[in-house]
Amino acid sequence: MTTPVELRDVAAQGAAGAGRAGSGSAHDLHLALLDWFAANARDLPWRDPAAGAWGVLVSEIMLQQTPVARVEPRWRDWMLRWPTPADLAAATPADVLRAWDRLGYPRRALRLREAAGVIAREHAGRVPTAMAALLALPGVGSYTAAAVTAFAHRRRAVVLDTNVRRVLARLIGGQALPPPSLLAAESERALDLLPDGDEDSARWNAALMELGALVCTARAPSCPACPVRSVCAWRRAGAPADSHAGKRRTQAWHGTDRQARGRLLAALRAAPGPLTPAELAAAWEPGPQFDRALAGLLADGLVAAETGPEGGSEGYALPLT
DNA sequence: TAACCGTGGAA
DNA sequence: TTTCCAAGGTT
């Protein structure tokens, strides 16, 4: 467990190389990054206070593993159509899945709709502020709960996404990239660096994320443009290569069940009504993998079997309930 | 813990 | 063309 005093030492050691008169404190590190953020933050719609906590929650779910550029138009449409949790909760899964379009991981869309129902029924239509209540929402994990706490409620929380993990791994840890799985030491380090005040800590979280997204990127960081380059442990160490290289498995895609599921669901999104198995066969060749993918989609509630008047199957469609 | 869950742009 | 990666969560 790193104490705040030890943290200040760490930050001071980094700042000592800054060469600026009066530098050498965590305070300077915070100022440098917060100033940079004030001048360079993107004008994203969910950062507008008018977006509200619901708008922030929607954005956070959509942004899970999905680039900002792809999310923005879908978020705008979504908020116009379902401006409150109750609105979304009243929508059909089919409508929600079509509005989700091709953001990917469509189970997120169903969970967001379920979360909207919980918020509408159990929280009087307001996004909860208690961490336990946030974590109880479908599709909300440690990152999203912290992000909503910080960015919507403007309260102190440790926000650790892929950007923050990478920035801190470099800035403090001297590593090219964070370890494959989140370690307790990373959370402790992030907590130690978090400013005490609610609003300051919220800005700090956003600034770290923005730095990771715009400057301290995974592949080709723009170190000359970095406001904290002079205190970066990774840079001072000579920007060594990723020590975890080789332990990161890249997920296969071509020919996988996931690709099959994606094709089948894309066909059903585009269809006005149920599709027969023969029609679905245009999206993916029939066989064991087709069967497995369809069964998985049914089990996940992403697809429903349509039953005819005689009880026989008429085909498959996006769920209406 | 590790595997699973979509999609598409950039290098 | 292949690989990497993007504001993770669930099981």
Side-chain angles (χ1 to χ4, degrees), chain A residues 41-42 44-47 51 55-75 97 100-112 114-115 134-152 157-167 176-184 190 202 205-214 216-221 242 244-269 283-284 292-293 295-297 299-303:
Chain A
R42 289 169 292 178
L44 302 174
W46 44 85
R47 286 179 175 164
V56 171
L57 175 59
V58 171
S59 78
E60 292 300 340
I61 300 293
M62 287 184 170
L63 286 162
Q64 289 169 3
Q65 300 286 286
T66 309
V68 166
R70 203 176 305 166
V71 165
E72 191 164 346
R74 295 280 67 81
W75 182 89
L97 288 169
W100 194 257
D101 194 39
R102 290 176 297 183
L103 286 180
Y105 293 140
R107 292 188 294 189
R108 288 183 296 165
L110 298 184
R111 291 184 182 131
L112 179 55
E114 293 169 11
L134 285 169
L135 289 170
L137 297 174
V140 175
S142 58
Y143 161 75
T144 302
V148 168
T149 299
F151 305 141
V158 175
V159 177
L160 269 181
D161 77 322
T162 185
N163 287 304
V164 176
R165 292 186 63 215
R166 184 177 57 251
V167 169
L177 293 172
S181 58
L182 179 63
L183 301 181
N205 282 321
L208 280 178
M209 289 180 64
E210 197 77 337
L211 187 72
L214 299 182
C216 196
T217 56
R219 291 189 188 178
D242 176 22
H244 302 92
K247 298 191 65 179
R248 307 178 196 280
R249 15 182 143 294
T250 61
Q251 51 188 350
W253 171 248
H254 189 75
T256 62
D257 287 10
R258 301 166 78 179
Q259 187 185 25
R261 287 167 56 109
R263 289 270 185 83
L264 294 177
L265 202 55
L268 291 170
R269 276 199 309 265
W284 196 265
R292 201 162 56 238
L297 290 169
D300 289 342
L302 290 163
V303 173

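Here is the naming used below: chain letters follow the sequence lines, and residue numbers restart at 1 for every chain. Because the structure is predicted, anything quoted here is derived from the model rather than measured.
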Self-check item: Nucleotide nearest Y105(A) (side chain, heavy atoms from C-beta), chosen from dA7(C), dC4(C), dC5(B)
Solution: dC5(B)
Quiz item: How would you label the contact of L103(A) with the nucleic acid (heavy atoms, under 4.0 Å): base, sugar-phosphate, or nothing?
Solution: base
Quiz prompt | Selection from dA11(B), dG9(C), dG8(B) that lies nearest to any side-chain heavy atom of Q64(A) | solution = dG9(C)
Self-check item: Any donor-acceptor N/O pair under 3.5 Å between dG6(B) base and T66(A) side chain
Solution: yes
Quiz item: At under 4.0 Å between heavy atoms, what does Q259(A) touch on the DNA or RNA strands: base, sugar-phosphate, or nothing?
Solution: nothing
Practice problem: Using heavy atoms and a sub-4.0 Å distance, could you list which residues of residues 159-166 of chain A are near DNA chain C? By number, please. | Solution: D161(A), T162(A), N163(A), R166(A)
Quiz item: From dA11(B), dC5(B), dA7(C), pick the nucleotide closest to the side chain of R258(A)?
Solution: dC5(B)
Quiz item: Do the side-chain N or O atoms of Q65(A) get closer than 4.0 angstrom to the phosphate oxygens (OP1, OP2) of dA6(C)?
Solution: no
Quiz prompt | Closest to the P67(A) side chain, choosing from dG6(B), dA6(C), dT7(B) | solution = dA6(C)
Quiz prompt | Which residue lies more 5' along DNA chain B, comparing S181(A) with R108(A) via nearest heavy atoms | solution = S181(A)
Quiz item: Any sub-3.5 Å donor-acceptor pair from E210(A)'s side-chain atoms to R42(A)'s backbone N or O?
Solution: yes
Exercise. Would you tell me whether R108(A) and Q65(A) have side-chain atoms, one donor and one acceptor, within less than 3.5 Å of each other?
Key: no
Quiz item: Contact class for R107(A) (heavy atom, under 4.0 Å): base, sugar-phosphate, or nothing?
Solution: base
Exercise. May I ask you to decide if G255(A)'s main-chain N or O and Q259(A)'s side chain share a donor-acceptor pair within less than 3.5 Å?
Key: yes
Practice problem: Could you check which of dT7(B), dT3(C), dA7(C) has an atom nearest any side-chain atom of R70(A)? | Solution: dT7(B)
